[in-house]
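These notes concern the structure reproduced below.
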Amino acid sequence: SLLSVHQLKGKIDRDEEIITLDTREQAEWDSGHIKKALHIYVGHLEQRLTEVPKDKPVAAICNVGHRSGLSASILLRAGYQQVHNVLGSMKAWQAVGFPVTTD
(Lines give C-alpha, C1' and ligand atoms only; values in the text may rest on other atoms or scores of the structure.)
Protein backbone atom coordinates (compact mmCIF):
# COMPACT_ATOMS: atom_id res chain seq x y z
CA SER A 1 0.00 0.00 0.00
CA LEU A 2 1.05 3.62 -0.39
CA LEU A 3 1.92 5.85 2.54
CA SER A 4 2.40 9.61 2.40
CA VAL A 5 5.36 11.22 4.17
CA HIS A 6 2.82 12.89 6.48
CA GLN A 7 1.36 9.48 7.42
CA LEU A 8 4.83 8.05 8.00
CA LYS A 9 5.87 11.04 10.13
CA GLY A 10 2.67 10.65 12.17
CA LYS A 11 3.39 6.97 12.83
CA ILE A 12 6.98 7.79 13.86
CA ASP A 13 5.82 10.65 16.11
CA ARG A 14 3.24 8.38 17.78
CA ASP A 15 5.93 5.74 18.34
CA GLU A 16 3.95 3.22 16.32
CA GLU A 17 5.84 0.08 15.48
CA ILE A 18 7.03 0.65 11.93
CA ILE A 19 10.33 -0.08 10.25
CA THR A 20 11.45 2.73 7.93
CA LEU A 21 13.54 0.89 5.35
CA ASP A 22 15.85 3.24 3.45
CA THR A 23 16.87 1.50 0.21
CA ARG A 24 19.19 4.19 -1.19
CA GLU A 25 22.91 3.98 -1.85
CA GLN A 26 25.44 4.69 0.90
CA ALA A 27 26.27 8.24 -0.29
CA GLU A 28 22.57 9.16 -0.38
CA TRP A 29 22.09 7.73 3.13
CA ASP A 30 25.14 9.62 4.40
CA SER A 31 23.76 12.90 3.06
CA GLY A 32 20.72 12.64 5.34
CA HIS A 33 18.16 10.05 6.42
CA ILE A 34 15.21 9.55 8.74
CA LYS A 35 16.23 8.96 12.34
CA LYS A 36 16.20 5.25 13.35
CA ALA A 37 15.70 4.11 9.74
CA LEU A 38 17.14 0.78 8.66
CA HIS A 39 19.53 1.16 5.73
CA ILE A 40 19.71 -1.67 3.21
CA TYR A 41 20.47 -0.80 -0.41
CA VAL A 42 17.81 -2.23 -2.73
CA GLY A 43 20.42 -4.28 -4.61
CA HIS A 44 21.34 -6.10 -1.38
CA LEU A 45 17.84 -6.50 0.04
CA GLU A 46 17.21 -10.08 -1.07
CA GLN A 47 20.46 -11.24 0.56
CA ARG A 48 19.72 -9.29 3.76
CA LEU A 49 16.01 -10.03 4.30
CA THR A 50 16.75 -11.57 7.71
CA GLU A 51 17.63 -8.06 8.96
CA VAL A 52 14.09 -6.82 8.28
CA PRO A 53 11.62 -7.89 11.01
CA LYS A 54 8.69 -9.83 9.55
CA ASP A 55 6.33 -9.09 12.43
CA LYS A 56 6.26 -5.30 12.01
CA PRO A 57 4.96 -2.99 9.28
CA VAL A 58 7.69 -1.85 6.87
CA ALA A 59 7.73 1.52 5.09
CA ALA A 60 10.13 1.43 2.14
CA ILE A 61 11.72 4.72 1.16
CA CYS A 62 14.34 5.81 -1.39
CA ASN A 63 14.97 9.08 -3.20
CA VAL A 64 11.81 9.53 -5.28
CA GLY A 65 10.01 6.18 -5.07
CA HIS A 66 11.33 3.82 -7.76
CA ARG A 67 13.67 1.74 -5.60
CA SER A 68 11.26 1.72 -2.68
CA GLY A 69 8.57 0.31 -4.99
CA LEU A 70 10.97 -2.41 -6.08
CA SER A 71 11.90 -3.06 -2.44
CA ALA A 72 8.23 -3.34 -1.47
CA SER A 73 7.75 -5.94 -4.22
CA ILE A 74 10.75 -7.94 -2.97
CA LEU A 75 9.35 -7.91 0.59
CA LEU A 76 5.85 -8.92 -0.53
CA ARG A 77 7.26 -11.79 -2.60
CA ALA A 78 9.22 -12.91 0.47
CA GLY A 79 6.01 -13.16 2.48
CA TYR A 80 5.98 -9.86 4.36
CA GLN A 81 2.39 -8.86 5.13
CA GLN A 82 2.43 -5.15 6.00
CA VAL A 83 4.50 -3.35 3.39
CA HIS A 84 4.15 0.31 2.42
CA ASN A 85 5.82 2.34 -0.32
CA VAL A 86 6.36 5.94 0.78
CA LEU A 87 5.05 8.34 -1.89
CA GLY A 88 7.73 10.73 -3.11
CA SER A 89 10.17 9.20 -0.62
CA MET A 90 13.04 11.41 0.66
CA LYS A 91 12.39 14.16 -1.92
CA ALA A 92 8.88 14.59 -0.49
CA TRP A 93 10.08 14.17 3.12
CA GLN A 94 12.61 16.98 2.74
CA ALA A 95 10.30 19.15 0.62
CA VAL A 96 7.90 19.50 3.57
CA GLY A 97 10.79 20.18 5.93
CA PHE A 98 10.72 16.99 7.99
CA PRO A 99 13.96 16.35 9.87
CA VAL A 100 16.85 14.23 8.65
CA THR A 101 19.96 13.10 10.48
CA THR A 102 23.46 12.25 9.33
CA ASP A 103 24.30 10.15 12.43
Side-chain angles (χ1 to χ4, degrees):
S1 71
L2 292 171
L3 204 61
S4 74
V5 291
H6 297 278
Q7 289 170 311
L8 176 60
K9 178 84 165 53
K11 288 176 181 293
I12 292 169
D13 289 349
R14 289 190 299 274
D15 274 333
E16 287 183 31
E17 282 206 329
I18 190 159
I19 306 294
T20 304
L21 176 64
D22 191 319
T23 63
R24 298 175 300 157
E25 292 180 41
Q26 189 67 46
E28 294 172 292
W29 166 266
D30 291 342
S31 72
H33 53 267
I34 298 169
K35 195 174 180 160
K36 295 186 185 162
L38 172 63
H39 179 228
I40 303 177
Y41 172 60
V42 64
H44 304 152
L45 184 57
E46 283 179 286
Q47 293 80 47
R48 295 177 59 188
L49 280 174
T50 54
E51 296 172 44
V52 185
K54 245 186 169 154
D55 58 345
K56 292 180 183 158
V58 179
I61 200 160
C62 61
N63 200 35
V64 291
H66 303 298
R67 288 170 289 182
S68 58
L70 179 57
S71 301
S73 298
I74 291 168
L75 292 170
L76 289 167
R77 272 203 314 271
Y80 285 75
Q81 302 291 318
Q82 305 173 78
V83 180
H84 309 284
N85 184 8
V86 180
L87 274 170
S89 284
M90 288 305 291
K91 280 253 191 285
W93 182 272
Q94 290 173 297
V96 291
F98 289 157
V100 294
T101 182
T102 51
D103 294 343

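The structure presented is a predicted model; accordingly, all values stated were derived computationally and were not measured. We use all heavy atoms of the structure for the numbers below, so side chains are in, but hydrogens, waters and symmetry mates are not.
Annotation for G65 and N85: closest pair O-ND2, 3.8 Å, computed over non-hydrogen atoms. The shortest non-hydrogen separation linking A60 to S71 is CB-CB, 4.3 Å. What you find for A78 and L49 is that their closest heavy atoms are CB-CD1, 3.6 Å. The shortest heavy-atom contact between S31 and E28 is OG-O, 2.7 Å. Nearest heavy atoms, D55 versus Q82: O-NE2, 4.5 Å. Counting all heavy atoms, side chain and backbone alike, A92 lies closest to V5 at CB-CG1, 3.8 Å.
One distance of note links NE2 of H39 with CD of Q26; it measures 5.0 Å at 0.5 Å rounding. Once rounded to the nearest 0.5 Å, the distance linking CD of Q7 with CD of E16 reads 10.5 Å. Distance check: I34 CD1 to W93 CH2 gives 4.0 Å after rounding to the nearest 0.5 Å. E25 contributes atom CD, which lies 4.5 Å from atom OH of Y41 (distance to the nearest 0.5 angstrom). Distance check: L75 CG to K54 NZ gives 9.5 Å after rounding to the nearest 0.5 Å. To the nearest 0.5 Å, atom CD1 of residue I74 and atom CD of residue E46 are 4.5 Å apart.
Remark: of the listed residues T23, D22, T102, I40, D22 is the sole one forming a side-chain contact (heavy atoms from CB on, under 4.5 Å) with W29.
More than 12 heavy atoms of other residues, nucleotides or ligands shown are found within 6.0 angstrom of CD on E51. Enclosure of atom CD in Q47 by more than 12 non-hydrogen atoms of other residues, nucleotides or ligands within 6.0 angstrom is indicated.
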For this session: For the pair L45 and V52, evaluate side-chain contact (heavy atoms from CB on, under 4.5 Å) and give the outcome as yes or no after the intermediate values.
Result: CA-CA 9 Å; L45 184 57; V52 185; 4.2 Å; yes
Problem set entry | Trace of the side-chain contact (heavy atoms from CB on, under 4.5 Å) decision for L3 with K11 | CA-CA 10 Å; L3 204 61; K11 288 176 181 293; 4.0 Å; yes
Exercise. Can you list the steps and then say if H84 with L8 is a side-chain contact (heavy atoms from CB on, under 4.5 Å)?
Worked result: CA-CA 10 Å; H84 309 284; L8 176 60; over 6 Å; no
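With hydrogens and angles disregarded, a donor-acceptor distance shorter than 3.5 Å links the side chain of H33 to the backbone of D103. At least one donor-acceptor pair closer than 3.5 Å links the side chain of S73 to the backbone N or O of G69. Between the side chain of S89 and the backbone N or O of C62 there is at least one donor-acceptor pair closer than 3.5 Å.
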